[in-house]
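Only heavy atoms go into these numbers, but all of them, side chains included; no hydrogens, no water, no symmetry mates.
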Amino acid sequence: MLREQIYAEAAAGLQERRRSAQMEQERRSDRIEQEIPEIAELNRHFRATCSEILRAARGADAQERIRQIGQRSLEADVMMRQLLTAHGLPADYLDVHYTCSACSDTGFVNGVPCECLRKEIGRIGAEHLNEQSGLKLSSFDSFSLSYYRDLPAEQKQAMAKNLRTCQNYAADFQPGKSGNLLMIGGTGLGKTHLSLSIAREVLEKGYSVVYDAAGSLLHILEQEQFGRAEQKDTMGLLLECDLLILDDFGTEQDNSFYRSAIYTLFNSRVNSGKAMIVNTNLDHSEIQSRYGDRILSRLLFTSEILHFYGKDIRMQKYRETHG
Ligand SMILES: [Zn+2]
């Protein structure tokens, strides 16, 4: 998906928010005018004020007259708020309630893109990337510690602690504040399940999350780099999203383009304080021999490390259901 398309989709979404906030205000206003005649009277006064100002602007003593009209209008506004509260309604009941008060859902503040527009672009971009990866969200509720019951006590405790760490990570997630998680362990031990449970909660909070296998993302980057895909900006999305989850790190093929893309990703995200979750079945020394010290240190020194233990859960589930 092109950057411009994502932008157009985000802008259209904001415009829709703005329109529906204004329509909602009109509905409230119509209803209340019928119930409270004094409010209908004040609203007529406000409408008259607008044309009065236009007329005054053409007069000789324009400045003084506009000041007086403004003063009366302020007084009418105070009366309106008093009337509303006297009828048991909030004082701002007849204001337009925009989703973003900073830009009134226009997407711009003094010509500069508002934070809400930036967020919407990130969210839509992430959504399109996740569509490609076939992201299926999991939840913490369906993560069962019973699959780890036969493990030695120490490993069982480690698994329970991993679950708690991930739950807390999701609950406390804040862009710019949350750190990185590095999940290490064999296939089928719950790394993906816990990552996708975090992804669900973070997405529900309205942050942008990109999740995919490292190999697929690197493949997309490679296609774009060498002009084999329509012009896209996947690297931009990977660097900007609030949370990046790289699954199966280390199963991708090993080449210099992939290694340098990984370094760019890790380095830029660490430097800009953006959170990552990296899942791998490589241990420290395997990461080091494959990617070198630069990538290893970027990863190890900035991450909380969670070790996963046990027997492949998918195999255990298969045996349970197939005898
Ligand atoms: Zn805004």
*Atom pair OG/CG of S297 and N267 - distance to nearest 0.5 Å*: 9.0 Å
*Salt-bridged, R269 to E240, with N to O below 4.0 Å?*
no
*Between E252 and G215, which heavy-atom pair has the shortest distance, and what is it?*
CB-CA, 3.6 Å
_E26 and R31 ion-paired at < 4.0 Å_ = no
*Show the numbers, then the answer: is there a ring pair (Phe, Tyr, Trp, His ring centres under 6.0 Å) between Y309 and Y148?*
CA-CA 8 Å; Y309 303 98; Y148 308 92; 9.4 Å; no
_Joint hydrophobic cluster, L221 plus F226, side-chain heavy atoms closer than 4.5 Å_ = yes
_Pairwise side-chain hydrogen bond (donor to acceptor under 3.5 Å, both in side chains) hits with a residue in residues 155-170, at least two apart_ = none
_Under 3.5 Å donor-acceptor, T251 side chain and D248 backbone_ = yes
*Between OG1 of T280 and CG of L299, what distance do you get to the nearest 0.5 Å?*
8.5 Å
*Does the side chain of L238 reach to within under 4.5 Å of the side chain of L217, using non-hydrogen atoms?*
yes
*State, with a plain yes or no, whether a side-chain heavy atom of S142 is found less than 4.5 Å away from one of H193.*
yes
*Could you walk me through whether N279 and S195 pass side chain to side chain contact (heavy atoms under 4.5 Å, CB included), step by step?*
CA-CA 8 Å; N279 300 336; S195 307; 2.9 Å; yes
_Assess the residue pair L194 and F308 against the criterion (side chain to side chain contact (heavy atoms under 4.5 Å, CB included)); give the C-alpha distance rounded to whole Å, side-chain angles, the decisive distance to 0.1 Å, and a yes or no._
CA-CA 11 Å; L194 288 182; F308 282 64; 3.8 Å; yes
*To which residues is I39 joined in a hydrophobic cluster, defined by side-chain heavy-atom contacts under 4.5 Å among Ile, Leu, Val, Met, Phe, Trp and Tyr, whether direct or through other members?*
I32, I36, L42, F46, M79, M80, L83, L84, L89, Y93, L94
*Side-chain contact test, heavy atoms from C-beta onward, threshold under 4.5 Å: evaluate it for L163 versus L145 and give yes or no.*
yes
_Minimum heavy-atom distance between L218 and F257, given as atom pair plus value_ = O-CE2, 4.1 Å
*Report yes or no: does R19 contribute a side-chain atom to a donor-acceptor pair with the main-chain N or O of L14 at less than 3.5 Å?*
no
_How close do A21 and H97 get, counting heavy atoms only, and between which atoms?_
CB-O, 3.5 Å
_Test of understanding: with salt bridge (charged side-chain N to carboxylate O under 4.0 Å, His left out), list the residues that count as partners of D77, not counting sequence neighbours._
R81
*Can you check whether P175's main-chain N or O pairs, donor with acceptor, with S178's side chain at less than 3.5 Å?*
no
_Hydrophobic cluster membership, with links at side-chain heavy-atom distances under 4.5 Å among I/L/V/M/F/W/Y: are F301 and L244 in one?_
yes
*Quick one: do R118 and E115 make a salt bridge, cutoff under 4.0 Å?*
yes
*Who passes side chain to side chain donor-acceptor pair (under 3.5 Å) against S144, sequence neighbours left out?*
S146
*According to the interplanar angle, ranging from 0 to 90°, do the rings of F249 and Y291 count as parallel (below 30°), tilted (30 to 60°) or perpendicular (above 60°)?*
parallel
_I'd like to check R259 versus Y263 (side-chain heavy atoms, cut-off strictly below 4.5 Å). Are they in contact?_
no
*Common cluster, V270/I287, ILVMFWY with side-chain heavy-atom separation under 4.5 Å*: yes
*Starting from the C-alpha separation in whole Å, work towards a yes-or-no answer on salt bridge (charged side-chain N to carboxylate O under 4.0 Å, His left out) for E52 and R47.*
CA-CA 9 Å; E52 213 181 327; R47 283 189 283 270; over 6 Å; no
*Please report the closest heavy-atom contact between I262 and I295, naming both atoms and the distance.*
CG2-CD1, 3.8 Å
_Using side-chain heavy atoms (C-beta onward) and a distance below 4.5 Å, is E201 in contact with F173?_
no
*State the NE2-OG1 distance between H219 and T234, to the nearest 0.5 angstrom.*
11.5 Å
*asked:* Check this for me, if you would: do R44 and E41 make a salt bridge, where the nitrogen-to-carboxylate-oxygen distance has to be below 4.0 angstrom?
replied: yes
*Give the intermediate values and the outcome of side-chain hydrogen bond (donor to acceptor under 3.5 Å, both in side chains) for residues E64 and Q68.*
CA-CA 6 Å; E64 176 55 18; Q68 287 170 359; 3.1 Å; yes
_Taking the side chain as everything from C-beta on, heavy atoms only, tell me whether I124 gets closer than 4.5 Å to Y7._
no
*Counting N and O atoms only, with roles assigned by atom type, does the side chain of S303 sit under 3.5 Å from a partner on the main chain of I305, one being a donor and the other an acceptor?*
no
_If we ignore hydrogens and angles and just use 3.5 Å, is the side chain of K191 paired with the main-chain N or O of I184 as donor and acceptor?_
no
_Other ILVMFWY residues reachable from Y98 by side-chain steps of under 4.5 Å_ = V96
*Count the heavy atoms belonging to other residues, nucleotides or ligands that lie under 6.0 Å from CD of E154, then report whether that count exceeds 12.*
no
*SG/C116 to CG/D105 distance, rounded to the nearest 0.5 angstrom?*
6.5 Å
*Check: S138 side chain, L196 main-chain N or O, donor-acceptor pair, under 3.5 Å*: no
_N/O donor-acceptor pair under 3.5 Å between N180 side chain and M276 backbone_ = yes
*Answer yes or no: are there more than 12 heavy-atom neighbours, outside Q34 itself, under 6.0 Å from its atom CD?*
no
*Measure the shortest side-chain to side-chain distance between F266 and L296 over non-hydrogen atoms and say whether it is less than 4.5 angstrom.*
no
*Closest contact, heavy atoms only, L181 versus C166*: CD1-SG, 4.5 Å
*asked:* So which atom in D293 and which in Q288 form the shortest heavy-atom distance, rounded to 0.1 Å?
replied: OD1-NE2, 2.6 Å
*Any chance you could lay out the side chain to side chain contact (heavy atoms under 4.5 Å, CB included) test for L246 and I277, step after step, and finish with the verdict?*
CA-CA 6 Å; L246 277 188; I277 297 176; over 6 Å; no
*Answer yes or no: is there a side-chain heavy-atom contact under 4.5 Å between M23 and R27?*
yes
*Can any side-chain N or O of D92 pair as donor or acceptor with the backbone N or O of D95 at less than 3.5 Å?*
no
*Is there a donor-acceptor contact under 3.5 Å from the side chain of N110 to the main chain of V112?*
no
*Atom pair NZ (K311) and CG (L151), whose distance is rounded to the nearest 0.5 Å*: 7.5 Å
_Under a 3.5 Å distance rule, please check whether K119 uses its side chain to pair with a backbone N or O of C114 as donor and acceptor._
no
*asked:* Are more than 12 heavy atoms, taken from residues, nucleotides or ligands other than R290, located less than 6.0 Å from that residue's CZ atom?
replied: yes
_As an exercise, state the distance from CD of E38 to NE2 of H45, rounded to the nearest 0.5 Å._
15.0 Å
*Who pairs with S29 by side chain to side chain donor-acceptor pair (under 3.5 Å), at least two apart in sequence or on another chain?*
N43
*Could you go step by step and tell me if L182 and E304 meet the side chain to side chain contact (heavy atoms under 4.5 Å, CB included) rule?*
CA-CA 6 Å; L182 174 61; E304 179 168 358; over 6 Å; no
